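We're numbering straight along the sequence, starting at 1. Quick caveat, the model's predicted, so the values are computed rather than measured.
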Amino acid sequence: MLYYLFRYLHEHFHLPGAGVFQYTTFRAGLAVVISLLIAQTFGHRLIKLLQRKQVGESIRDLGLQGQNEKKGTPTMGGLIIILAILVPVILLARLRNIYIILMILSTVWLGLIGFLDDYIKVFRKNKEGLSGRFKVLGQVGLGITVGWVLFYSNEITVREYLLPNGTFSAIEASKVFKDVHLMITTVPFMKNNELNYGDLFASAGTLFNGLYGLLYIPIVIFLITAVSNGANITDGLDGLAAGTSAIIGVTLAIFAFVSGNALLADYLDVMFIPDSGELVIFCTAFVGACIGFLWYNSYPAQVFMGDTGSLALGGIIAVLALIVRKELLIPVLCGVFLIENLSVIVQVSYFKYTRKKYGEGRRLLRMSPLHHHYQKLGYHESKIVSRFWIVGIMLAVITLVTLKLR
């Protein structure tokens with residue numbers, strides 16, 4: 001809203017300084033400041049409110065070090081993150097931008113699913129929370145919505161540059177171009193690194209022309225479900241999910257800035273996505289919200305984000321990656337979430353296999369997810385979190401290197 005207000009003041013009254021709101025970098029920096037301030041001020045008040053309402057986490061006895069001290073710690077702190085994201089975005093971003101609309105929708109959608117789960121656990125005293133099938137149904141619903149918009153909306157375009165002889169090519173010195181609706185994505189570590197989803201159906205003949213949404217939309221559903229669940233599983237130690245998400249958010253902000261800037265996209269020879277630069281405001285608000293939440297969530301945590309925050313964080317990351325056409329980099333960028341997910345899958349699968357084969361279940365890890373395995377080995381919680389953050393930074397650097405390493 002402030003964007004439109006100051007643009008009006010600049011255009012009609014020539015108010016000194018009002019034109020600065022036209023710059024994405026200024027609004028992005030301001031979004032960080034506002035999100036941090038909201039997380040700080042609102043966070044303290046919310047924690048006091050949750051304590052008065054006795055909205056405390058019920059802890060299962062897993063035999064982990066320091067576990068009993070966490071009993072009664074307020075949960076549903078994800079409300080701090082969601083508010084600290086949405087307020088600066090609504091104030092500073094161009095709300096008519098299709099990408100901003102998708103991000104606000106994704107944040108609210110998954111935040112509501114997580115909130116329902118936390119509400120049932122805390123206020124209805126049901127430790128199981130929202131039924132798993134309803135969670136998945138909500139994630140699938142968001143996946144269908146996001147996939148449908150990305151696949152069918154004519155506002156979702158990429159820029160193709162046209163050589164004088166009329167043939168299409170990658171970005172070159174020619175300034176002849178057109179913005180087209182194409183479902184292409186970036187393939188990491190390849191020279192000609194753009195993949196058109198339509199080509200995957202090309203060998204099937206003309207019968208499947210235009211129907212490759214049957215492939216794309218399930219991919220979107222899978223990624224949103226996988227990453228949101230990965231963030232949810234990772235949220236098991238103080239500051240782990242929030243810190244890891246902040247690192248991923250910084251990386252996605254860089255991708256959004258490069259992909260939305262014609263000069264940088266030209267220089268780095270990457271796909272230029274018109275209007276995607278506005279996502280930088282959302283990304284910086286996202287990072288500010290995660291860091292602001294860490295003020296209260298770092299060890300020893302004063303509040304837990306609960307499913308309200310973790311499901312929203314994962315979904316936001318997945319949708320951002322899809323919009324900037326970097327979804328194939330998710331296994332690297334979100335490597336911490338991936339390994340946490342896989343540790344649970346492998347542990348459960350191996351336990352069931354050995355129980356069927358030997359009559360008793362055996363475990364590969366002392367406990368899953370992976371961070372609990374290290375707790376069982378005697379590592380302090382803060383050391384595990386710090387090392388996971390370091391791994392997350394390394395993976396983020398590797399992801400950014402793909403801009404030029406082909």
Worksheet entry | Pairwise distance CZ(F286) to CD1(I82) - rounded to 0.5 angstrom |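 One finds 11.0 Å between CZ of F286 and CD1 of I82.
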
Worksheet item: Regarding R94 and the six-membered ring of Y99, is the cationic atom NZ or CZ under 6.0 Å from the ring centre and inside 45° of its axis?
Response: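 Here R94 fails the 6.0 Å and 45° test against Y99.
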
Item to complete: Determine, for Y358 and R355, whether the Lys NZ or Arg CZ falls below 6.0 Å from the six-membered ring centre while staying within 45 degrees of the axis.
Response: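 Output no; distance or angle outside limits.
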
Which heavy atom of [X] sits nearest a heavy atom of [Y], and at what distance?
{"X": "A256", "Y": "L279", "answer": "CB-CB, 4.0 Å"}
{"X": "C290", "Y": "A242", "answer": "CB-O, 3.6 Å"}
{"X": "S228", "Y": "Q139", "answer": "OG-NE2, 2.9 Å"}
{"X": "G43", "Y": "I80", "answer": "CA-CD1, 3.5 Å"}
{"X": "I224", "Y": "L110", "answer": "CG2-CD1, 4.4 Å"}
{"X": "S259", "Y": "K326", "answer": "OG-NZ, 3.9 Å"}

Worksheet item: Under 4.0 Å between a Lys/Arg side-chain N and an Asp/Glu carboxylate O for R27 and E278?
Response: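 Salt bridge present between R27 and E278.
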
Discussion item. Between H181 (side chain only) and V158 (backbone N and O only), is there a donor and an acceptor less than 3.5 Å apart?
Written reply: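 Looks like no, no N/O pair under 3.5 Å.
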
Worksheet item: Would you find a donor on one side and an acceptor on the other, under 3.5 Å apart, between the side chain of T225 and the backbone of F222?
Response: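 No, because the side chain of T225 does not come within donor-acceptor range (under 3.5 Å) of the backbone of F222.
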
Worksheet item: Do E155 and N97 pass the side-chain hydrogen bond (donor to acceptor under 3.5 Å, both in side chains) test, and can you show the C-alpha distance, the side-chain angles, and the key distance before you say yes or no?
Response: CA-CA 9 Å; E155 296 182 65; N97 183 291; over 6 Å; no

Between [Y] and [X], is there a side-chain heavy-atom distance shorter than 4.5 Å?
{"X": "W148", "Y": "V220", "answer": "no"}
{"X": "R7", "Y": "Q22", "answer": "yes"}
{"X": "V108", "Y": "L86", "answer": "yes"}
{"X": "T234", "Y": "P369", "answer": "no"}
{"X": "E194", "Y": "V187", "answer": "no"}

Discussion item. Applying side-chain contact (heavy atoms from CB on, under 4.5 Å) to L50 and T75, what does each step give before you reach the verdict?
Written reply: CA-CA 8 Å; L50 294 174; T75 187; over 6 Å; no

Worksheet item: Centres of the H380 and Y299 rings: under 6.0 Å?
Response: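 H380 vs Y299: aromatic centres under 6.0 Å.
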
Discussion item. So that I know where these two stand, are F21 and Y3 an aromatic pair - ring centroids less than 6.0 Å apart?
Written reply: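 No, the ring of F21 stays outside the 6.0 Å limit from the ring of Y3, centre to centre.
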
Check this for me: [X], atom [atom1], are more than 12 non-hydrogen atoms of other residues, nucleotides or ligands nearer than 6.0 Å?
{"X": "F134", "atom1": "CZ", "result": "no"}
{"X": "F42", "atom1": "CZ", "result": "yes"}
{"X": "Y353", "atom1": "OH", "result": "no"}
{"X": "H373", "atom1": "NE2", "result": "yes"}

Discussion item. We want to know whether D307 and N232 form a side-chain donor-acceptor pair, criterion being a heavy-atom distance below 3.5 angstrom.
Written reply: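 The criterion, which ignores hydrogens and geometry beyond distance, is satisfied for N232 and D307.
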
Worksheet item: Without hydrogens or angle criteria, can the side chains of D179 and T157 be said to hold a donor-acceptor pair below 3.5 Å?
Response: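 Short answer, no.
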
Practice prompt. Tell me, with the steps shown, if N297 and D238 meet side-chain hydrogen bond (donor to acceptor under 3.5 Å, both in side chains).
Written response: CA-CA 6 Å; N297 186 240; D238 297 348; 5.0 Å; no

